[in-house]
There are 2 protein chains.
Amino acid sequence: MTEDQRLGWREVRDTIHDWILSGRYGAGDKLPRDADIAGDLDCARSTVVRAMQDLSDAGVVDRRRRGGTRVRPDPVVRATLDIPITRAEIEGKGGRYGYRLVRQARALPPAPVLEAVGWDAPHEMLQVEALHLSDNVPHMFEDRWISLETAPEILSVDLAVQNANEWLVLNKPYSRFEVRFYAVAADPRLAVLMQVAEGAPMLVIERTTWIAEQPITTVKSVARPGFQLLSRS
Amino acid sequence: MTEDQRLGWREVRDTIHDWILSGRYGAGDKLPRDADIAGDLDCARSTVVRAMQDLSDAGVVDRRRRGGTRVRPDPVVRATLDIPITRAEIEGKGGRYGYRLVRQARALPPAPVLEAVGWDAPHEMLQVEALHLSDNVPHMFEDRWISLETAPEILSVDLAVQNANEWLVLNKPYSRFEVRFYAVAADPRLAVLMQVAEGAPMLVIERTTWIAEQPITTVKSVARPGFQLLSRS
DNA sequence: GAGTGGTCTAGACCACTGA
DNA sequence: CAGTGGTCTAGACCACTCT
């Protein structure tokens, strides 16, 4: 007598995923109600809910109240990236962390910054340019703009000593953020600062954070050539 | 009489998050047991568990059986990226999708590919080079290597007609994947294929998938200059 | 208005793992 | 081996939103 164990939510998830991969339910098709799946697989509805949560997080299905659960028509690969504090990243690789403030000034933000933070009209912000070093070699250059409305306290921080990145992480929790990745060629100034050849390809990580729909900071971080972002799963 | 509503899991999560942000619990500190938090906040333990799940997913806390829940010592920004099927991405932006097979050959993989898939000794694989076009303009170039052990059926697919990317997505589910992002300069051959200047900075997305610890495919996709990957939250 | 997912609860047992 | 998180259950009510 082969008495099956009661299914765990991972098994339920994999079973439903198999239904989709096998073509039993195709792109856009509606899956049975949670309660029916629970009945079929002999488990509680909450177990199905937990499984569906995972499939939904992974981009496999779409769930709507009243509308049911559907196979997502455009499958995506969903990758989760950890972007560490730069100091932790360098020290984690065994490097000695160094920091150098390049420039700091109150100024009206240029158009790309306005667009990033979502402002129509310019308000004065604090611009901070800084270098992060690993064993005295430039590792990352950051061009940061900080809102004086949501983070006025930044003006009383000595940014030659304290890293704006870390001060903000510790003192300015955010409710929403956005990240962009793209490649640029090193312009003459960046080439000198980062000690790389002019035109060298560099990975850019742009991050903007908001609290209650008000921007806190936007930063463009340019990484030294050879730098990679990694995501596993 | 201000009678508080019973807390939902998001409120429980935010409350705990506030404890951390306010410094009441610092990096590495142990938080109370779930059951105690549930008692303090007057909700069920499962509500606390749901909240903690979210904080754990977001990289804010570490949870261990018997070891309790601790504030993660190295805060990270955790970003979720959707990497769409290239066809869907182009059509989603209103472009007309085009595909061109550049080269296809059985070969022994070079060292970087071996390293990506985690093999010690080379086995023969299928190499496929292809271009994805948007309105006849090169959008992305992919250099793909496919395992003939886990995906032998690929040999009977006409890759001049059917896109390897899409065939694999539909036919080869994977259990694990890895993604890397970095920047490269266009070499002469790539410059011609992508119709860009030699040395142009390009974003590379490298993906490898495995099923049950056996590699299926690894692909290096080079995107046209100006391409951005975006992540919101 | 009615059907479906979203969430909460109280309780139970299991599975790790640190003391 | 005992304490903590991980998971499952059965039931209830709520909140969307489609018809």
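Below, chains carry the letters A, B, ... as their sequence lines are ordered, and counting in each starts from 1.
Counting non-hydrogen atoms under 4.0 angstrom, S46(B) reaches a base of the nucleic acid.
When the C1' atom of dT7(C) is taken as reference, atom CZ of R13(B) falls 14 Å away, rounded to whole Å. Straight-line distance from the CG atom of L55(B) to the P atom of dG5(D): 13 Å, rounded to whole Å. Between the P atom of dT9(D) and the CZ atom of R45(A) lies a distance of 13 Å, rounded to the nearest Å. We find that CD of Q53(B) is positioned 7 Å from P of dT7(D), with the value rounded to whole Å. The distance between atom CZ of R6(A) and atom C1' of dG6(D), rounded to the nearest whole Å, is 17 Å. Between L41(B) atom CG and dC8(C) atom C1' there is a gap of 14 Å when expressed in whole angstrom units. Between D62(B) atom CG and dC16(C) atom C1' the separation is 15 Å, expressed in whole Å. To the nearest angstrom, C1' of dT9(C) lies 17 Å from CH2 of W9(B).
Comparing M52(B) and A44(A) along DNA chain D, the residue whose closest nucleotide (by nearest heavy atom) sits nearer the 5' end is M52(B).
Checked against dT7(D), dT17(C), dC8(D), the side chain of R66(B) finds its nearest nucleotide in dT17(C). Distance from the side chain of R64(A) is smallest to dC18(D) among dT4(D), dC18(D), dA10(D). Here the nucleotide nearest the side chain of V49(B), chosen from dT7(D), dT9(C), dC8(D), is dT7(D).
R63(A) has a side-chain polar atom (N or O) that falls below the 4.0 Å cut-off from OP1 or OP2 of dG6(C). Phosphate contact (OP1/OP2 of dT4(D), side-chain N/O of T69(B), threshold under 4.0 Å): absent. One finds no side-chain N or O of R33(A) lying less than 4.0 angstrom from the OP1 or OP2 phosphate oxygen of dG3(C).
The end-to-end axis angle of the helix from dG1(C)-dC18(D) to dG18(C)-dC1(D), rounded to 10 degrees and based on five pairs per end, is 20°.
Put simply, the side chain of R180(A) never gets that close to the backbone of Q228(B): no donor and acceptor are under 3.5 Å apart.
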ask   = What's the verdict on salt bridge (Lys or Arg N to Asp or Glu O under 4.0 Å) for D74(B) and R72(B), showing C-alpha distance, side-chain angles and the deciding distance?
value = CA-CA 6 Å; D74(B) 54 331; R72(B) 211 180 140 128; 3.4 Å; yes
request  = Would you check, one step at a time, whether the test salt bridge (Lys or Arg N to Asp or Glu O under 4.0 Å) holds for D82(B) with R78(A)?
outcome  = CA-CA 5 Å; D82(B) 285 350; R78(A) 191 157 286 180; 2.6 Å; yes
ask   = Could you walk me through whether T69(B) and R63(B) pass the side-chain hydrogen bond (donor to acceptor under 3.5 Å, both in side chains) check?
value = CA-CA 4 Å; T69(B) 303; R63(B) 278 163 78 72; 2.9 Å; yes
key: Worked check of salt bridge (Lys or Arg N to Asp or Glu O under 4.0 Å) between R96(B) and E91(B)   = CA-CA 6 Å; R96(B) 190 166 44 76; E91(B) 291 176 345; over 6 Å; no
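Between Y99(A) and Y97(A), the ring-plane angle classifies as parallel under the 30° and 60° cut-offs.
Between E149(B) and P152(B), the shortest heavy-atom distance links the atoms O-CD, 3.7 Å.
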